[in-house]
Amino acid sequence: MLVSHRRHAPPLDGVQLELDRAVFESWVLRRASTAGVVQDDRLTTSLGHGVPRGRRRLMVMLAGRTTVFGSATLELTAGDALVVEDLGELVTRADPGLAFELDWTADGELADGDVCGMSSFRIGPSTLVAIQALVSELRVVSPIECTGLVHQAKEVLRALRAEGVPVSPDALAEPRVSRSDPDVQRLLTAVDAELSSLEQGPALTTLEARLGWTRRTVARRAQLARERYGISALSGPDWRSARDFYRLLLGTMLASHEAATTGHLARMLGYGSPVALCHAFAHAGLAAPAVVGALARSG
């Protein structure tokens, strides 16, 4: 198991973003907390999702509201859950809030049955309590001490299975939990630190210096992380593409804040100038930052 934490508190009133993950070889536990910004997938289709297609997802809203677009439009609020067969097909607009997400592959150790299309339901009260406890553990778990997280995750998987979600609590059997790669964890921790400080203009040289590794070693272990764990933060072919994907995605979210000018965004995302930011948006097939922000706010 690998652990990942990212924090963003940019100089915009009321904005805070937190992403916490426990990553297994074929599945991921995820906590996503946002304040002051909106994430609208409809505005960022040119970026892709940054995750392998074909992964299943369970999403449980703990606070806020998320709109799901498809053959029908769904509104999810606290206590609502969504199960989707292919994460690559999921298109949402997430208002500020808190969500728990569980991703898994159809042929992985967590899978225990088929998922067809997309369905929503209300989470039972006891299951919701278990999920809230797990989310609290996800926020603080460390690679060194994860006993509390494993205990809470087992409770959640058992509760979800009882509610009809096709997942197996056996995925947390002790031998599987103990499997990890210290070098991949070191890499993920360093990547999280770099991506949490985009305003400093992270580059491959700073990542190499943080790790004390050569460029070749960084590339080799990043490839291992992608192949073994499917880590979305390292889904690009190299560090630069992974960094730029993340800062553009974050940029579209920060642009939704009414006080975020193009100059502010350029500084927060580590671009040399507002012009450089606009060129990066255009090169990625995005509308201008101001346009993206206005569209995100309008819904």
Rounded to the nearest 0.5 Å, how far does [atom2] of [Y] lie from [atom1] of [X]?
| X | Y | atom1 | atom2 | value |
| --- | --- | --- | --- | --- |
| Arg216 | Glu208 | CZ | CD | 13.5 Å |
| Leu149 | Lys154 | CG | NZ | 11.0 Å |
| Ile131 | Leu138 | CD1 | CG | 11.0 Å |
| Arg215 | Thr205 | CZ | OG1 | 7.0 Å |
| Arg220 | Thr214 | CZ | OG1 | 7.0 Å |
| Leu110 | Leu172 | CG | CG | 8.0 Å |

[Y] and [X], any side-chain heavy atoms less than 4.5 Å apart:
| X | Y | answer |
| --- | --- | --- |
| Leu102 | Leu160 | yes |
| Arg21 | Arg6 | yes |
| Tyr229 | Glu25 | yes |
| Leu277 | Pro289 | yes |
| Leu62 | Leu128 | yes |
| Leu82 | Val68 | yes |
| Pro202 | Ser197 | no |
| Thr92 | Phe69 | no |

By salt bridge (charged side-chain N to carboxylate O under 4.0 Å, His left out), which residues pair with Arg139, not counting sequence neighbours?
Glu18

By salt bridge (charged side-chain N to carboxylate O under 4.0 Å, His left out), which residues pair with Glu163, not counting sequence neighbours?
none

Strictly distance-based, threshold 3.5 Å: is any side-chain N or O of [X] a donor or acceptor partner for the main-chain N or O of [Y]?
| X | Y | result |
| --- | --- | --- |
| Gln16 | His8 | no |
| Thr206 | Ala203 | yes |
| Glu145 | Thr147 | yes |
| Thr44 | Leu47 | no |

Can you tell whether the side chains of [X] and [Y] come within less than 4.0 Å, N to carboxylate O?
| X | Y | result |
| --- | --- | --- |
| Glu85 | Arg56 | no |
| Arg161 | Asp112 | yes |
| Asp170 | Arg158 | no |
| Arg221 | Asp183 | yes |

With sequence neighbours left out, what residues match Arg210 under side-chain hydrogen bond (donor to acceptor under 3.5 Å, both in side chains)?
Glu194

Going hydrophobic residue to hydrophobic residue with side-chain gaps under 4.5 angstrom, can you get from [X] over to [Y]?
| X | Y | value |
| --- | --- | --- |
| Phe100 | Phe121 | yes |
| Val291 | Phe281 | yes |
| Val275 | Leu286 | no |
| Leu87 | Leu19 | no |
| Leu2 | Val140 | no |

Where is the tightest heavy-atom contact between [X] and [Y], given as atom of each residue plus distance?
| X | Y | answer |
| --- | --- | --- |
| Val115 | Pro166 | CG2-CG, 3.6 Å |
| Gln152 | Ala130 | OE1-O, 4.3 Å |
| Leu58 | Ala81 | CD1-CB, 4.1 Å |
| Arg122 | Ala78 | NH1-O, 2.9 Å |
| Gly299 | Arg93 | CA-NE, 3.3 Å |
| Trp104 | Val165 | CH2-CG1, 4.3 Å |

Can you tell which of Arg57, Arg55, Arg30 makes a salt bridge (charged side-chain N to carboxylate O under 4.0 Å, His left out) with Asp103?
Arg57

From the options Val91, Asp95, Asp40, Thr73, select the one residue that forms a side chain to side chain contact (heavy atoms under 4.5 Å, CB included) with Thr67.
Thr73

Would you please name every residue forming a ring-ring contact (aromatic ring centres under 6.0 Å, His included) with His264, sequence neighbours left out?
none

Show the numbers, then the answer: is there a side-chain hydrogen bond (donor to acceptor under 3.5 Å, both in side chains) between Glu75 and Thr77?
CA-CA 7 Å; Glu75 295 285 343; Thr77 56; over 6 Å; no

Can you tell me if His5 and Asp192 form a side-chain donor-acceptor pair at under 3.5 Å?
no

Please check if any side-chain donor atom of Gln132 sits under 3.5 Å from a side-chain acceptor atom of Ser136, or the reverse.
no

Would you mind writing out the side-chain donor-acceptor pairs for residues 251-259 within the sub-3.5 Å range, not counting sequence neighbours?
from   : atom 1 : to     : atom 2 : distance (Å)
Thr252 : OG1    : Leu249 : O      : 2.7
Ser256 : OG     : Val38  : N      : 2.8
Ser256 : OG     : Met253 : O      : 2.6
His257 : ND1    : Ala259 : N      : 3.0
His257 : NE2    : Asp13  : O      : 2.8

Please report the C-alpha distance between Ser33 and Leu17 in whole Å, then the side-chain angles of each, then the deciding distance to 0.1 Å, and finally whether the side-chain contact (heavy atoms from CB on, under 4.5 Å) criterion is met.
CA-CA 6 Å; Ser33 174; Leu17 299 95; over 6 Å; no

Check whether NZ of the Lys or CZ of the Arg Arg240 lies under 6.0 Å from the centre of the six-membered ring of Phe245 and within 45 degrees of that ring's axis.
no

side-chain contact (heavy atoms from CB on, under 4.5 Å) evaluation trace for Met268 with Leu12:
CA-CA 10 Å; Met268 289 185 289; Leu12 292 170; 3.7 Å; yes

With sequence neighbours excluded, give me every side-chain hydrogen bond (donor to acceptor under 3.5 Å, both in side chains) pair touching residues 267-295.
Arg247-Tyr271

Walk me through whether Arg186 and Leu211 qualify under side-chain contact (heavy atoms from CB on, under 4.5 Å).
CA-CA 8 Å; Arg186 280 191 64 200; Leu211 288 164; 4.2 Å; yes

